[in-house]
Amino acid sequence: MPAGLGLGLGMMVMPLGIVGMILRQKGQVGRFIQAGAISPDTARKPSSLGIQTLYLLKPAVRRGLLVALGDGRYYADLPACRRQRRMLI
């Protein structure tokens with residue numbers, strides 16, 4: 001194997017992994033958007049959307065894409081989601 005081949009392959013695989021992570025989290029946020037949970041009034045519990053593991057939501061909450069209310073309900077912050085999408089494009 002030539003000397004630089006491993007590095008080149010790694011530089012191609014790493015971005016694919018990052019894209020995969022973004023798409024996976026987008027799916028969790030997308031569930032809230034599709035359910036209409038886009039404000040405190042329409043917030044939903046993750047279990048009502050089929051999300052059983054809350055740790056999947058933590059990165060989206062940390063980035064501000066999902067807003068956690070104190071009672072276990074969450075909603076998608078649409079302006080933050082739009083900003084995130086523009087940053088990726």
Side-chain angles (χ1 to χ4, degrees):
M1 173 156 63
L5 186 60
L7 181 61
L9 183 62
M11 291 181 76
M12 289 179 0
V13 172
M14 182 62 86
L16 292 175
I18 293 170
V19 168
M21 289 188 300
I22 290 169
L23 290 175
R24 185 172 59 237
Q25 289 181 339
K26 219 176 177 184
Q28 303 302 325
V29 175
R31 287 185 184 187
F32 285 90
I33 294 171
Q34 288 176 348
I38 55 172
S39 72
D41 294 332
T42 59
R44 304 271 304 264
K45 291 191 176 193
S47 58
S48 72
L49 303 175
I51 301 170
Q52 301 302 323
T53 50
L54 295 179
Y55 73 88
L56 293 174
L57 302 179
K58 287 185 182 186
V61 171
R62 212 174 16 251
R63 288 197 324 255
L65 301 176
L66 284 179
V67 178
L69 301 178
D71 60 359
R73 296 181 303 144
Y74 295 80
Y75 69 92
D77 183 353
L78 287 182
C81 292
R82 288 186 188 114
R83 282 191 303 273
Q84 176 75 16
R85 181 177 293 155
R86 279 191 215 118
M87 286 175 43
L88 293 175
I89 296 175

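A distance of 9.5 Å separates CG in Leu49 from CD in Gln34, rounded to the nearest 0.5 Å. Taking CG from Asp77 and CG from Leu65, the interatomic distance works out to 8.0 Å, rounded to the nearest 0.5 Å.
Nearest heavy-atom pair across Gly64 and Ala80 is O-CB, 3.4 Å. Between Ala37 and Ala43, the closest heavy-atom pair is CB-CA, 4.1 Å. Closest non-hydrogen pair, Arg44 versus Ala35, comes out as NH1-CB, 3.3 Å.
At a threshold of 4.5 Å between side-chain heavy atoms, the hydrophobic network of Ile, Leu, Val, Met, Phe, Trp and Tyr places Tyr75 and Val29 in two separate groups. Hydrophobic clustering keeps Val67 apart from Ile51 (ILVMFWY residues linked when any side-chain heavy atoms are closer than 4.5 Å, directly or through intermediates).
For the side-chain contact (heavy atoms from CB on, under 4.5 Å) test with Pro46, the passing option among Leu54, Leu56, Thr53 is Leu54; the others fail.
Contact annotation: the side chain of Leu57 approaches that of Phe32 to within less than 4.5 Å [non-hydrogen atoms, C-beta and beyond].
By the side chain to side chain contact (heavy atoms under 4.5 Å, CB included) test, Asp71 pairs with Leu69, Arg73, sequence neighbours left out.
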